[in-house]
Every structure is written in C-alpha cells, then in structure tokens.
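First comes the structure, then the notes that go with it.
Values below: all heavy atoms of this structure, side chains included; hydrogens, waters and symmetry mates excluded. In this text the structure is predicted, and so the values were computed from the model without any measurement.
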There are 2 protein chains.
Amino acid sequence: MPDNFEPDSNPLVAGDKAGLTACEEALMLRVGTVRLYSPDSPAYREGDQADNVFIIRAGIARASRLLPDGRRQIVAFLWANDLFGLAEDGAYINTIEAVTTLDVVRTPVAAMNELLRADARISLDMARRTAHSLREAQRHILCLGQLDVPRRVARFISDCASHVELFDERTNVLCMPMKRLDVADYLGTSIEAVARAVTQLESAGLIERRLRRDFLIPDPALLRDYATRATHGS
Amino acid sequence: MPDNFEPDSNPLVAGDKAGLTACEEALMLRVGTVRLYSPDSPAYREGDQADNVFIIRAGIARASRLLPDGRRQIVAFLWANDLFGLAEDGAYINTIEAVTTLDVVRTPVAAMNELLRADARISLDMARRTAHSLREAQRHILCLGQLDVPRRVARFISDCASHVELFDERTNVLCMPMKRLDVADYLGTSIEAVARAVTQLESAGLIERRLRRDFLIPDPALLRDYATRATHGS
DNA sequence: CGGGGCCTTGAGTCACTTCAAGACGGGTGG
DNA sequence: CCACCCGTCTTGAAGTGACTCAAGGCCCCG
C-alpha cells in the first residue's frame, strides 16, 4: 500500500502532498458515487442544502459567487484531487460548475462523517486539503490586492501552465479550457482588460497566441518572474 | 464538560462554532506556552522555519506578505480563538504581527502532532478552524475582486463591528485598533483612498467620526447593506 | 456558406493612484 | 499645564490604468 500519509506531518505545516491515498480513495468510493458533469453544468449552487462532499478525480471546475447586481466572482478553480463542498450553516456558499468534463466522487455528508469518526487519518487529510485551499486563496488575495491586470493575467497563465493536464512540457504549449469571461471573473477585472493584457504579454514576447485559448510559452520562468515583479520600475 | 465538539458536524459543512473546547484548550496549554506580543511586534516572519502553531487567546494580529517591491498585502486579520501558523514545505508563508497586545498559546509542531495522533477530535477541530479561515479568505477575495473602495471600507468597518471586542452595542461605537495603512494594505488600496472613503461614508450618514479610529455607527444594518449593494445604479 | 458565440480593438470617461501640503492628536519634556 | 513635535490622517491637484460602451473580426458549428 502506497503510504503518502505521514502521521508526523502537520496539516498546517506540510507542503502539498500527492493526491488521494489508496485507502482514502477506497473509503470514499465505498460510500460515495462517481458522477460526471459536462462543461458549464453545475454540481450545486450557492445556498443549496449542503448534503454532499466531493473529490475531483479528473477535470476542472469553477467555484463562484454571485453579487446582488449580477456580477460574479470566481473564488477558485478546482483541479484533480481537490475537495469541494464548502458550506456554512448547512448551505453551500459557492456555486460549483464544470469547466471541462468533470469526474468526481460524491459522498453524502452523513457517510463522510462516519468515515471521519472511523478513521482519524481522514480528518487529518481533510485538514491538509483545506489548508491547501487556504494557501491558494491567500495567493489569490495577493494577486487581486497588489497586481495590475497584465500581471494578474501573467500569473494566471503561469499557474495554469503548472498543471500537467493543460501544459505540454515538450512543446511548451498551454491549452486553457476557460473562457475570457471566466478569467476576468477570477481576476476581478473585465473581459476587455484580459484581452488587452494577453495582447500586451504577446508583444512583450512572454507568450505567443496559437488558438484563442492556446498559448506557446517560450520561457515559463520568465513569465512567472514578470508576474511577481514590481508594477512600476524595471 | 462543555461539549461544543459535535462528532456529526462536518468541518466543511458546519457553521462557525464557539471557540476552544475545554479539553482542547487544556491539551494545548499542557504542551504549549502562553506568550504575549506588544503592538507591531512579530510572532514570526514569512520564510521562517515553521516550528510552532499558535492559538489566539486575546487580541488582534495581522497576517501579511511582502512583495519584492516592498508593497504589502495583509491577507487576514486574526482574532481571538483563531489558529495561525500556516506554512508550506516547513516555512511560514505569512508574517504575523500584533495589532493590539496579543495573547497566544504557542505549541511546538512536534507536540501538536502528538496531540493530533492522540486525539482524533483535534484533527477534526483543526479542519474546522481551517475551513473557517478559508471561508473568510473567500469573502475577502469577493471584496477585492468586485467592490469599489468605499464599499470595501464599508464592509471592513462592518466586519470590525461584528467583533464584540471592538463594538459597543449599547452606544454603537466602534473602536478600530488598526491604522489606515493596515486597512489600505488589507483592502488592496492606498491610505488616501481609505481616508476619502471614510469621509464619503460619513457624508452619506453611514458612520460618524468620533476619534480618528473610533466611529459611531447609527445603523449597522444600513452600513452592511451599503457594502453589498451594487457599485452602480441605486 | 451563413450564423452566433467568443474574442479583440477603439474611444471616452471615471475611479483610483501618486505626489505634495496641511491639519489633527497624542505623548513628552520643559 | 502648556507647548512642542512627530506620527498619523486628511485634503487637493494632476496623471493614469482600467471600465464601459460600441463596433468589428475570428472561429466553430450547423
């Protein structure tokens, strides 16, 4: 049994470890069911009664929230092995929709609680996964609070390129499945600003457009550097 | 023994519950030590080796990150009963500094891991606390991504007013301990923009200045509504 | 080949930033 | 107790990045 569970690794302190432990996946599968969602279809909506917890086996999802005036904030994109189902007072706080075809294990909360009670390692694993999401959320906050739009877009593209599902390391080609509107709503900006930023990054030589959502990234490290460099000055 | 630990409450799903369970606090105290920090002094800095986990007994702290160009993002304010010590690959990812006098229990990670192994409820509690921070972080993301500066400030003041340490419900007076610079760095804007927003909220009748950081809030619900209302239109 | 999303570009406007004074207030020493 | 002083906060004026509105182009699909 592959054991990437380490009793001594503190969930708050540990780095991001590999995905599901075999035993955890088996447990989840025993009480949960596999489900598929096609692009743009929702797993649930904010405000729905929180009856299930999900783990992504494959595909990408977006977690978003709607404002009274119809504006939308995408609070996170969710990837393979990510857990979702965050709720408050029994109701989901985000809407989850598939970006690509999405393959999940859906586990009823009641059954999940059985698991948590039966096996302490699952609680710890849950804490670790949640801590991972928290680190991501804080990175996102940094991005929204301090970066101008071209840098936000650069960072987003760079982050996408760190996912093997999307980035071919041999050809350096990134295939982003999300539309401009998704990117804009994630980065707290407008579609047009994203389009302009892409153009700008291209003329800076950091990316090259292939198709509308496919980019060649000549030097991924350079792109990453650009995203973290100061807004003004050099 | 007061039991606010509920074996059936899923950390992802549960609302925010009361603070430390008596037994958890006792456990933390048995292996941890009480420490005090005076305003503006750090508990640790980003990049430091992550040897300890902390729980706030009283006081307020800020969790911040520095950018290469010296800009600072405050990713969260931390309140009584909040856990901190978030790290990645053995190093803290944020700097933690006291805003007010700060009273914490500091527990070595090794000892904390003993606790986690010995008592499954502590893992679950940790997951629940982390989920709480994640919800807060997502609210913050929403704020940074979608709200204009006056609304961000309104929401911040409103959030502060929901903390009994700062808000007197009898007089409706809020005493904010953080400086304008802290507020600006938290909200991803400039000191000046915060000052102008405060002036604007005052002339809109939503707040009244008492001292520089003390406000009277005639109608807290009205202030909260303003913060969530659309940027344009009514 | 035509139609409809999706994406890009342009032009004008506005909110926020930056730079620069000035005002307040709280603490200290005379 | 008052005067001073320094950090903090507010206000003003000019500049700019991003938003909105609007038009045009691309690409995929039927």
Legend entry - Pairwise 5' ranking along DNA chain D for A/V149 and A/R210, keeping only the more 5' one: A/V149
Legend entry - Atom pair distance, as rounded to whole Å: CD in A/Q200 and C1' in D/dG17: 10 Å
Inset, instruction - May I ask you to evaluate whether A/R209 reaches the phosphate of C/dT8, defined as a side-chain N or O under 4.0 Å from OP1 or OP2? - result: yes
Inset, instruction - Figure out the CD/P separation between A/E202 and C/dC7, and round it to whole Å. - result: 15 Å
Legend entry - Between C1' of D/dG7 and CG of B/L181, the distance in whole Å: 12 Å
Inset, instruction - Name the nucleic acid region contacted by A/I191, choosing base, sugar-phosphate or nothing; use a 4.0 angstrom heavy-atom cut-off, strictly under. - result: base
Inset, instruction - Classify the side chain of A/R196 and the base of D/dT20 as holding, or not holding, a donor-acceptor pair under 3.5 Å. - result: yes
Inset, instruction - Using the closest heavy atom to pick a nucleotide of DNA chain D for each, name whichever of B/V194 or A/R212 lands nearer the 5' end. - result: B/V194
Inset, instruction - Could you check whether A/R152 gets within reach of a base, just the sugar-phosphate, or nothing at all, counting any heavy atom under 4.0 Å? - result: nothing
Inset, instruction - For A/D185 and D/dA18, give me the distance from atom CG to atom P, rounded to whole Å. - result: 17 Å
Inset, instruction - Return the value, rounded to whole Å, for the distance between atom CG of B/L187 and atom P of C/dC16. - result: 12 Å
Inset, instruction - Measure the spacing between NZ of A/K179 and CG of A/D185 and express it to the nearest 0.5 Å. - result: 12.0 Å
Legend entry - cation_pi(A/R62, A/Y186) dist<6.0 Å, angle<=45: no
Inset, instruction - Ignoring backbone atoms, test whether B/S190 places a side-chain nitrogen or oxygen under 4.0 Å from the OP1 or OP2 oxygen of C/dT17. - result: yes
